[in-house]
Student: 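Got a structure here, written out as structure tokens. Questions coming.
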Number of protein chains: 2
Amino acid sequence: MQGVETTRVAGAGSGLTERQGAVLEQALRLLVDGGERALTTAGVARAANCSKESLYKWFGDRDGLLSAMIAFQASKVRTLDVSAEALDAAGLRAHLVAFAEDLLNVLAGDVSLALNRLAIGQASREGSKLGRLLEERGRRQIGRRAGALLEAGRKAGLLAFGDADEAYGALYGLVVSDWHLRMLLGEDPGGLKKNFGRRAERAVDAFLALYGRKG
Amino acid sequence: MQGVETTRVAGAGSGLTERQGAVLEQALRLLVDGGERALTTAGVARAANCSKESLYKWFGDRDGLLSAMIAFQASKVRTLDVSAEALDAAGLRAHLVAFAEDLLNVLAGDVSLALNRLAIGQASREGSKLGRLLEERGRRQIGRRAGALLEAGRKAGLLAFGDADEAYGALYGLVVSDWHLRMLLGEDPGGLKKNFGRRAERAVDAFLALYGRKG
DNA sequence: CTCCATCAGTACCGTACGGTACGGTTCGCC
DNA sequence: GGCGAACCGTACCGTACGGTACTGATGGAG
């Protein structure tokens with residue numbers, strides 16, 4: 001398990017070796033299990049069977065490690081593009097419901113919650129560098145998927161809206177409401193994931209009532 | 001400035017002396033300015049011109065101090081009850097818009113953001129005690145105001161909804177969308193507060209399109 | 001075989017924090 | 001005036017963390 005390593009982690013051209021990816025995986029596990037206080041350099045080194053010196057060599061700094069964790073996690077989540085098939089009303093609704101349910105499941109994920117908590121905790125100092133990173137890598141991705149979907153709906157004459165951002169904001173708000181914040185605050189999400197499908201359908205129906213062309 | 005102190009802080013029956021309230025005020029200032037890392041016992045003692053010993057005597061613990069800060073801040077924010085006047089459509093809309101704008105302004109407040117960041121940062125460990133406290137003291141309050149408003153609208157035949165919680169969730173989502181999270185992540189709210197009025201109106205119009213009786 | 005780069009493991013250092021203990025001072029009360 | 005309670009300021013202690021330096025082992029390159 002030593003010597004020069006040349007194989008790189010696939011995807012995103014992240015420039016990380018597999019070893020470094022495994023280290024980041026362990027770091028994410030520590031973060032999810034114990035929060036930011038559990039994410040110490042010594043702890044990561046112990047959990048990943050590597051030396052602290054290597055951590056500093058690879059990531060330069062503790063903040064570098066945090067940034068690498070966010071980038072690494074984002075590189076693993078790839079949003080599938082919406083197929084450019086011809087949309088009818090039922091198809092659009094199905095796509096929207098699927099998007100809404102995916103959104104809820106992503107936001108409720110362990111790693112997502114832990115990384116959001118981490119970035120929020122560091123938002124006060126350091127100019128919210130992690131926050132911007134998280135927003136760029138996470139939100140922008142899912143926003144693009146939604147934007148493409150909404151645009152396709154408008155092209156097909158099924159949706160009517162002036163500002164796509166406003167329509168997306170309404171969809172996001174109807175789907176998520178204050179759930180994300182409540183989960184971030186630690187509210188037990190036990191069993192609530194069962195209702196995500198129903199919740200997604202209700203939100204999409206409301207969205208279509210607002211922006212659909214044939215009510 | 002010493003000796004037995006008997007005067008108590010008004011409201012909420014908090015059982016805090018004025019001195020202790022002033023200390024909590026300074027603690028909140030430190031938290032707002034520098035985040036959780038700046039909120040050290042020594043720092044609070046220095047900023048408030050008190051001794052660490054007194055801090056531990058009054059609040060018992062660092063977590064006790066944090067809890068007291070949340071309770072103290074919540075005791076200062078009192079939501080005005082909606083007047084039980086007869087509502088017409090324009091009046092209901094005005095009330096809803098005022099509520100929405102107040103909600104945005106509260107969520108965008110310095111102290112609110114700092115306390116939410118604090119509670120979220122501690123959500124991983126400690127069983128999210130602070131999160132539950134924050135939710136109970138903050139969210140429940142504003143939720144009651146909204147609930148009363150919605151109920152008044154239904155009584156007046158201006159709103160139609162089956163589940164009041166669901167209607168409130170839709171209103172909240174349309175008003176806030178992902179703004180709260182973005183502000184928690186550190187996105188610069190500079191100048192955005194100017195748009196709160198316009199944003200509130202748009203959200204309320206959408207809400208009324210969904211739940212209003214005469215579209 | 002020999003050199004060299006990489007890495008794990010550990011010891012180490014400076015610092016900062018939570019929490020406690022102590023001396024000195026002010027104030028109310030008898 | 002004297003007593004006691006509350007309190008400030010500071011010193012102190014144990015601990016834990018970020019970051020660095022050193023040692024020894026491993027495996028590839030010439």
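All values below come from the heavy atoms of this structure, side chains included, with hydrogens, waters and symmetry mates left out. Residue numbers begin at 1 in each chain, while the letters A, B, ... track the order of the sequences. Being a predicted model, the structure only gives us computed values, none of them experimental.
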Student: Once rounded to the nearest 0.5 Å, what's the spacing between atom CD of B/E166 and atom CG of B/L171?
Tutor: 12.5 Å
Student: Is it true that a side-chain atom of B/R117 and a backbone atom of B/G35 form a donor plus acceptor pair closer than 3.5 Å?
Tutor: no
Student: Side-chain N or O of A/S54 versus OP1/OP2 of C/dC7: is the shortest distance under 4.0 Å?
Tutor: no
Student: Does B/R19 put a side-chain nitrogen or oxygen below 4.0 Å from OP1 or OP2 of D/dC8?
Tutor: yes
Student: Apply salt bridge (Lys or Arg N to Asp or Glu O under 4.0 Å) to B/R132 and B/E135, showing your working.
Tutor: CA-CA 5 Å; B/R132 265 181 283 121; B/E135 200 163 306; over 6 Å; no
Student: Is there side-chain contact between A/W58 and A/V23, with heavy atoms separated by less than 4.5 Å?
Tutor: yes
Student: Is there a residue in residues 44-52 of chain B whose heavy atoms reach under 4.0 Å of DNA chain C, and which residues are they?
Tutor: B/K52
Student: Around atom CZ of B/R125, are there more than 12 heavy atoms from other residues, nucleotides or ligands closer than 6.0 Å?
Tutor: yes
Student: Atom CG of A/L104 and atom OG of A/S177: how far apart are they, to the nearest 0.5 Å?
Tutor: 10.5 Å
Student: Would you mind telling me which of C/dC7, C/dC22, C/dG9 lies closest to the side-chain atoms of B/E53?
Tutor: C/dC22
Student: Closer than 3.5 angstrom, by distance alone: can the side chain of A/R199 be matched with the main-chain N or O of A/V175 as a donor-acceptor pair?
Tutor: yes
Student: So which atom in A/A200 and which in A/V97 form the shortest heavy-atom distance, rounded to 0.1 Å?
Tutor: CB-O, 3.9 Å
Student: In residues 25-32 of chain B, what residues come within less than 4.0 Å of DNA chain C, judged by heavy atoms?
Tutor: none
Student: Could you state the CG-P distance from B/L39 to C/dG19, rounded to the nearest angstrom?
Tutor: 12 Å
Student: Output the residues of residues 55-67 of chain A in contact with DNA chain D, where contact means a heavy atom of the residue under 4.0 Å from an atom of the strand; sort by number or write none.
Tutor: A/Y56, A/D61, A/R62
Student: Taking 4.0 angstrom as the limit, do A/R198 and A/E201 come out as a salt bridge?
Tutor: no
Student: Salt bridge check, B/E36 against B/R62: does any charged N sit closer than 4.0 Å to a carboxylate O?
Tutor: yes
Student: Rounded to the Å, how far apart are B/R37 CZ and C/dA16 P?
Tutor: 12 Å
Student: Would you please confirm or rule out a distance under 4.0 Å between OP1 or OP2 of D/dG18 and any side-chain N or O of A/T41?
Tutor: yes
Student: Where do B/R19 and B/A48 come nearest, in terms of heavy atoms and distance?
Tutor: NH2-O, 3.1 Å
